[in-house]
Amino acid sequence: MLPENGLLAIKPTNLTYEEAAAAVGAGMTALRCLRKANIRPGQQVLIYGASGAVGTNAVQLAKQHFEADVTGVCSTSNLELVKSLGADRMIDYTREDFTQSGAVYDVVFDAVGKTSASQGERVLKSGGVYLNVHKDSGSGEKLEDLLAVKGLIESGKFKPVIDRRYPLEQIVEAHRYVDTGHKKGNVVITV
């Protein structure tokens with residue numbers, strides 16, 4: 001049921017209903033956070049948690065919409081996914097600490113809320129921006145954000161990643177899978 005003040009827009013023509021459902025929350029969150037950094041073309045952006053729901057959207061938006069040079073941090077099993085989304089470089093956090101690589105970035109975006117500000121700031125260029133999904137995603141969704149996400153999807157700037165689909169009857173199993181912390185992109189409940 002949609003609340004009286006809920007947001008509503010026509011589904012992007014180039015997505016299925018499942019993809020459209022997956023695009024909304026994480027897509028708007030990624031866009032809101034990345035906008036705060038005022039990213040300019042060519043800037044170096046590191047996305048920690050690049051294979052999660054917000055991260056998969058953030059990689060694509062940073063690369064395709066903001067035209068940044070993107071480094072994605074994820075686990076070994078997700079390196080190819082993050083590369084396929086447009087990341088220029090990947091860091092496997094199970095083998096390398098991104099704060100020890102010697103690289104510096106204009107923007108560090110923790111898309112899963114697992115790094116500290118001091119970790120992110122250690123690899124920032126002077127004047128760089130550290131973003132944490134829990135602190136910087138804002139409060140309250142806005143229609144203009146939903147319409148912006150729709151427009152970016154329709155223009156081919158990004159497409160949601162769906163790891164698994166569960167029928168409504170298996171919603172408990174879906175939550176269990178999400179709670180493992182190892183999903184790639186989104187999990188969708190089908191009705």
Side-chain angles (χ1 to χ4, degrees), residues 7 19 21-39 43-66 68-75 77-79 81-82 85-94 97-99 103-125 128-146 148-150 152-153 157-164 174-175 177-188:
L7 303 178
E19 290 169 330
V24 176
M28 290 192 335
T29 298
L31 183 60
R32 274 195 313 271
C33 287
L34 292 175
R35 279 181 175 162
K36 287 185 176 187
N38 296 313
I39 300 168
Q43 284 191 308
Q44 303 287 318
V45 175
L46 179 130
I47 299 171
Y48 188 91
S51 60
V54 174
T56 55
N57 289 308
V59 167
Q60 294 174 80
L61 288 168
K63 186 66 182 176
Q64 300 300 323
H65 178 59
F66 294 103
D69 184 281
V70 178
T71 299
V73 181
C74 60
S75 66
S77 63
N78 297 327
L79 292 171
L81 168 66
V82 172
L85 297 173
D88 298 288
R89 278 166 301 293
M90 289 77 55
I91 297 174
D92 179 347
Y93 72 79
T94 69
D97 179 348
F98 76 94
T99 67
V104 291
Y105 304 91
D106 298 291
V107 177
V108 172
F109 176 35
D110 179 355
V112 288
K114 291 187 177 179
T115 65
S116 66
S118 65
Q119 285 176 298
E121 290 166 357
R122 233 179 279 157
V123 295
L124 280 177
K125 293 178 181 177
V129 177
Y130 170 78
L131 299 165
N132 180 295
V133 69
H134 297 308
K135 296 177 182 148
D136 295 300
S137 59
S139 59
E141 296 177 339
K142 298 178 183 156
L143 182 58
E144 56 263 25
D145 291 338
L146 179 59
V149 164
K150 179 184 179 210
L152 289 166
I153 289 169
K157 300 287 185 184
F158 81 102
K159 185 173 183 176
V161 172
I162 297 176
D163 182 359
R164 295 186 183 178
H175 277 279
Y177 178 63
V178 170
D179 290 343
T180 67
H182 298 291
K183 70 177 180 58
K184 298 172 182 148
N186 300 275
V187 170
V188 175

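Bear in mind that the values here come from a model prediction, so they are computed numbers and not experimental data.
- Atom NZ of Lys159 sits in a sparse spot, with 12 or fewer heavy atoms from other residues, nucleotides or ligands closer than 6.0 Å.
- Going from atom CG of Asp110 over to atom CG of Leu46 covers 9.5 Å, rounded to the nearest 0.5 Å.
- Minimum heavy-atom separation, Asp145 to Arg35: OD1-NH1, 2.9 Å.
- A donor-acceptor pair under 3.5 Å is formed between the side chain of Arg32 and the backbone N or O of Ser137.
- Asn186 contributes a side-chain N or O that, together with a main-chain N or O of Val161, makes up a donor-acceptor pair within less than 3.5 Å.
- How far CG of Leu34 is from CZ of Phe66: 5.5 Å, rounded to the nearest 0.5 Å.
- Screening residues 46-59 for side-chain hydrogen bond (donor to acceptor under 3.5 Å, both in side chains) gives Ser51-Asn78 as the qualifying pairs, with residues at least two apart or on separate chains.
- Under the 4.5 Å side-chain criterion, counting only non-hydrogen atoms from C-beta, Lys63 is in contact with Asp88.
- Each of Val129, Asp106, Leu61, Val107 was checked for a side chain to side chain contact (heavy atoms under 4.5 Å, CB included) with Ile39, and the lone residue meeting it is Val107.
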For this session: In sequence, state the C-alpha distance, the side-chain angles, and the governing distance for Val188 and Glu19, and then conclude on side chain to side chain contact (heavy atoms under 4.5 Å, CB included).
Result: CA-CA 8 Å; Val188 175; Glu19 290 169 330; over 6 Å; no
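- Under 4.0 Å is where a charged nitrogen must lie from a carboxylate oxygen, and between Asp97 and Arg122 no such pair does.
- One distance of note links NE2 of His65 with CZ of Phe158; it measures 10.0 Å at 0.5 Å rounding.
- Taking each heavy atom of Met28 and Val149 in turn, the nearest pair found is CG-CG2, 3.6 Å.
- When every heavy atom of Tyr93 is checked against every heavy atom of Ser75, the shortest pair comes out as CE2-N, 3.3 Å.
- Not one N or O on the side chain of Lys184 forms a donor-acceptor pair closer than 3.5 Å with the backbone of Leu81.
- How far OG of Ser118 is from OH of Tyr130: 8.5 Å, rounded to the nearest 0.5 Å.
- Summarising the local packing, NZ of Lys135 is surrounded by 12 or fewer heavy atoms from other residues, nucleotides or ligands at distances under 6.0 Å.
- Ala37 approaches Leu131 most closely through the heavy-atom pair CB-CD1, 4.0 Å.
- Under the 3.5 Å distance criterion, the side-chain polar atoms of Asn132 are matched with a main-chain donor or acceptor of His134.
- The two residues Gln119 and Phe98 come nearest to each other via the heavy atoms O-CE1, 4.3 Å.
- The minimum heavy-atom distance between Val59 and Ala50, with the atom names listed, is CG2-CB, 3.7 Å.
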Exercise. Checking side chain to side chain contact (heavy atoms under 4.5 Å, CB included) for the pair Phe109/Val54: CA distance, chi angles, key distance, verdict?
Worked result: CA-CA 10 Å; Phe109 176 35; Val54 174; 3.8 Å; yes
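- Leu152 places a side-chain heavy atom less than 4.5 Å from the side chain of Leu31.
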